[in-house]
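Below: the structure, in structure tokens.
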Amino acid sequence: MKTEPDVFSIYDLAKAEKSTTCWDGVRNYQARNYMRDLMKFGDRVLVYHSNAEPSCVVGTATISNTSYPDHTAWDLKDPHFDPKSDPNSPRWFMVDITLEAIFQVPLALSELRLIPELFKMELLRKGSRLSVQSVRAEEFKKICSLGKPKRLNS
DNA sequence: GCCAACGTTGGC
DNA sequence: GCCAACGTTGGC
């Protein structure tokens, strides 16, 4: 899952109550479908900082609440307000994620591109813009082995 | 700041 | 349903 660190970084997540946040503001149908239809409680996710210097995979989190309507779509003052989302038939959904580990070695895109096991990874595809993507188990494992995750409570 | 790669909108 | 115009994402 991508986030712009200027807006909400993994360090903000670490500081949040119970290291948990709702993943609001996603306004892309495919990304929404991943969250609404595919994500299950306990699923693990990679946290990625986009538009950063450099852009990096910075840690892991878990799904701590499965999908529910994204109420920020109905909030006039929210930057992601969507007049076409009807509270009686919500258009946008979100999940909650809880921080699992921060990488002691953040993994920049340029570095990930050099890893043969990751050549097919969606994140590394040219023009890959989707903010919620699926990651293959082997890719997840490889990235964790490179990132040296530092668990919160251990 | 540039621009490729999308996704969305709306006229027809 | 097609597609041009426009808007957004995000690496570089």
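Values in this document were obtained by computation on a predicted structure and should not be read as measured data.
- In this structure, CG in A:Asp78 is found 8.5 Å from NE2 in A:His71, a value given to the nearest 0.5 Å.
- Atoms OG and CE, on A:Ser134 and A:Met121 in that order, are 9.5 Å from each other to the nearest 0.5 Å.
- Applying the salt bridge (charged side-chain N to carboxylate O under 4.0 Å, His left out) definition to pairs two or more places apart or across chains, those involving residues 121-132 of chain A are A:Glu122-A:Arg125.
- Interatomic distance, CG of A:Leu38 versus CZ of A:Arg36, reported as 10.5 Å (0.5 Å rounding).
- Nearest heavy atoms, A:Thr60 versus A:Cys144: CG2-SG, 3.9 Å.
- Looking at A:Val57 and A:Val47, their side chains never come closer than 4.5 Å, going by heavy atoms from C-beta outward.
- Less than 4.0 Å separates DNA chain C from at least one heavy atom of each of the following residues of residues 51-60 of chain A: A:Asn51, A:Ser55.
- For residues 108-118 of chain A, the pairs satisfying salt bridge (charged side-chain N to carboxylate O under 4.0 Å, His left out) are A:Glu117-A:Lys142, with sequence neighbours left out.
- The rotation axes computed at either terminus of the helix from B:dG1-C:dC12 to B:dC12-C:dG1 lie 10° apart, taking five pairs at each end and rounding to 10 degrees.
- Side-chain atoms of A:Arg27 and A:Ser85 form no donor-acceptor pair, as typed in the model, at a separation below 3.5 Å.
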Each nucleotide in nucleotides 5-11 of chain B should get exactly one letter: B, S or -. Can you fill that in based on protein heavy atoms under 4.0 Å?
BBSSS--
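- Counting only residues at least two apart or on different chains, the salt bridge (charged side-chain N to carboxylate O under 4.0 Å, His left out) pairs with a member in residues 44-67 of chain A are A:Arg44-A:Glu100.
- Checked against the 6.0 Å centroid threshold, A:Tyr29 and A:Trp92 count as a close aromatic pair.
- Heavy-atom distances to DNA chain C give each of A:Ser110 and A:His80 a nearest nucleotide, and the one nearer the 5′ end belongs to A:His80.
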